[in-house]
Amino acid sequence: MAEAPVLEDTERTTGRVALRKNIAAAMALSGAVRSTLGPKGLDKLLLDDQGRTLVTNDGVTVLETARVEHPVARMLIDASSAQDRVARDGTTSAVVIAAELLRNAWHLVLQGIHPSTIVRGYRLAESEAMTHLESIAFEGSDEELVTAVHSSLAGKSSRGVQERLAHLAMEAARCVERTVDGTTEVDPTRVSTVHAIGRPATDSEIIEGLVLQKRRAHPDMPRLVENGSIALLDGGLERRKMRSDVTFQATSPEVLQDLRRREVQRLMEDVDAVEAAGVQVLAVSGAIDDEAHRRLLDAGIQAFRRVPSSDLDLLSLATGAKVLHHVDALQPEVCGNVIESRAHMIGDLHHWTVRGEGPAATLIARGSGDEITEETSRCFDDALGVAAHLRKDRRLLVGGGAAHVHLARHLRRFAEATPGREQLAIDAFADALEVIPRALAENAGLDPIYALLDVTAAQAEASEDAARIGLHLDLREPTDLGQAGVLEPLNVIMPTVSGATEAASAVLRIDDVLWARLEAQIPDDIQAQLDAMGEQDA
Ligand code: ADP
Ligand code: MG
C-alpha cells in the first residue's frame with residue numbers, strides 16, 4: 001500500500017527499530033540522573049540560557065530543566081513529575097526504574113518475547129509488588145517519621161541542615177493540619193517562606209501564622225492588633241484616575257481643581273467605608289495615597305500597602321477574610337479575624353506576622369546569602385511535602401534498597417508460580433527493581449554486583465526483619481538500615497514502582513514512531529546508547 005501523502009514530511013520507524021530507539025532514549029535519560037541517586041549521589045550543575053546556574057541533585061529538577069525533545073524521554077520526565085506531585089520524593093528512582101524495566105524488556109524482545117506479553121507480565125508483577133510492599137510496611141513512631149523526612153533529604157544540603165529542616169517540616173505540617181469531615185488534611189500551600197539573610201541555615205525556624213516581609217504604611221500605626229477585624233483589598237486606596245482613553249479640554253483652572261477635589265472626596269469616602277466596616281487591619285495590593293494615609297492613621301488602623309495578590313490569598317486562608325476588588329463591597333461579613341497581627345523586625349527587615357483562625361505557618365529560611373536561603377527553602381519544600389503525607393499515612397519502609405531487594409526476592413518466587421511467558425517478564429521486573437541498590441552502591445564507589453549479592457544473601461539468612469537489611473554505604477556491609485535511620489514513606493516507594501511500570505508499559509506499546517522530518521536527527525547520547533545496545537537497524 002502506498003504511504004499516505006500526509007506522511008510525506010515525516011520520518012517513520014516501526015516495530016522493533018522504533019522500540020529499540022525508544023528504549024535507548026529512556027536509558028540515555030536515566031543515565032543523566034542515575035549518578036544523583038542517594039546520599040552519595042553527585043550534584044549536577046545546571047546552566048540556563050541566561051547564564052544562571054543551579055547546583056542540584058534532585059532528579060526531577062535536572063529533568064525538568066533539561067531541554068529534552070525525544071517524545072519517549074518526555075514520557076519518563078512526565079512520570080517523574082507525576083511522582084513529584086503525588087509524593088514529593090522518589091523522582092530519580094521512578095525514572096531509573098522505568099528505564100531499567102525497558103532495558104530488561106529489550107533483552108526479552110531479543111529472545112522473541114512479544115512486547116505485549118512483557119506488558120502483561122509487568123502488570124502482574126506490579127500488582128503483586130503493591131501487595132507485598134504494604135505487607136512489609138510498618139507504622140512509624142513520631143521519631144521515625146522525622147527520620148523518614150530526614151532520609152528524603154539525602155544528598156541535599158548538609159547533615160545539620162537536613163536534620164533541622166526535617167524537624168521544622170514536621171512542625172509546620174502539624175501547624176497546618178486540620179480535620180475536615182473526619183479526615184486529616186494537611187495543606188502544604190498554607191506554609192509560606194520568608195528569607196532572612198544573616199544567621200546560619202541551621203537557625204531557620206517555623207513561626208505559627210503567616211509572616212510577610214512588609215512594613216506598615218506608617219510607623220505611627222499600631223504595632224500590634226489583637227482579636228481584630230481584617231479586610232483585604234485587591235486594589236488600592238488611591239484617587240480614582242480618569243481612564244487613559246478619555247481626553248478632555250479644561251476651559252478654566254477651576255474645572256481642574258474641582259476635578260481634583262472630587263477625586264479626593266471619593267477617596268475619603270472609600271476610607272470612610274473601611275472605618276465604617278470596623279476594620280482594624282487593612283491590606284491592599286495597590287498604593288495608599290497620602291490623603292488616605294492620614295485618615296487611616298487617625299482611625300488607628302494598621303494598614304499595609306503593595307501586598308502581592310498571592311499574599312492576599314494566603315491572608316484570606318489564614319483569617320477567613322474575602323479578597324475584595326472594590327471598597328464598595330466592604331461589609332463586616334466579608335472581613336476576617338486576626339488573633340494577632342504584629343509588625344516586627346527580623347534581622348534588620350520589617351515583617352508582619354498574622355495569626356488567624358485558619359491554620360498557617362511560615363518558614364524563616366536563614367542563611368548567609370541568597371543562594372543558601374534559596375537552597376534551604378527548596379529543601380524545606382521537599383521535606384514539607386513528605387511530612388504532610390506522613391501525617392496522613394504513617395506507614396514506612398526501610399530505604400537504601402532494602403525494601404527493593406526484599407521485593408525482588410519475593411517477586412522471583414511469585415514468578416516461579418506464574419505459568420506462561422509472563423514468568424520471564426516478572427523475573428525481569430524483579431531484576432529491574434535491584435537497580436536502586438545497585439545505583440546507590442555505585443554512587444558510593446562500591447562494587448554494585450557484590451553489594452547486591454551480599455545484601456541478598458544477608459536477607460535470605462535473616463530469620464526476621466529481612467526487609468530491613470540493606471547496604472550501609474559507610475560501613476560498606478549489609479546492616480539493619482532501619483536502625484541506621486534510612487526510612488522512607490510507603491507512599492513514596494509505591495508510586496515510584498507503579499509510575500515506572502506505567503511509563504515503561506506505555507513505551508513498550510508503541511510500535512510506530514512518526515517524526516516530523518525536521519526533528520528526525522537522533523541526539524548524540526541516544527546514538528551512543530544505541531551503539532551500546534548491540535542490535536543494528538534492520
Ligand atoms: P529520589 O529522587 O528517587 O528520591 P534520592 O537522590 O533522594 O532520589 O535518593 C533516594 C534513595 O536514597 C532512596 O532509595 C533512599 O532510600 C536512599 N537513601 C537515602 N538515605 C540513605 C542512606 N543514608 N543510606 C543508603 N541509602 C539512602
Ligand atoms: Mg529523594
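Ligands are counted one by one from 1 in listed order, and the atoms in each one are counted from 1 as well.
Looking at heavy atoms from C-beta onward, Asn22 lies in side-chain contact with His70 at the 4.5 angstrom threshold.
Side-chain atoms of Glu144 never come within 3.5 Å of backbone atoms of Gly482 as a donor-acceptor pair (strictly under, hydrogens ignored).
Comment: Lys392 does not engage Glu185 in a salt bridge, judged by the lack of any side-chain N to carboxylate O separation of less than 4.0 angstrom. Between Arg85 and Asp78 no salt bridge is recorded (no basic side-chain N to carboxylate O distance below 4.0 Å).
When the N, O or S atoms of Asp89 are ranked by distance to the Mg ion (ligand 2), OD1 comes first.
Crowding of Arg159 atom CZ: a count of heavy atoms from other residues, nucleotides or ligands under 6.0 Å not exceeding 12.
Classification of the Tyr122-Phe429 ring pair by plane angle, with boundaries at 30° and 60°, yields perpendicular.
Protein residues lining ligand 1, listed by chain and number: Thr36, Leu37, Gly38, Pro39, Asp89, Gly90, Thr91, Thr92, Ser93, Ser151, Ala154, Gly399, Gly400, Ile436, Leu440, Leu473, Val486, Glu488 [non-hydrogen atoms, distance under 4.0 Å].
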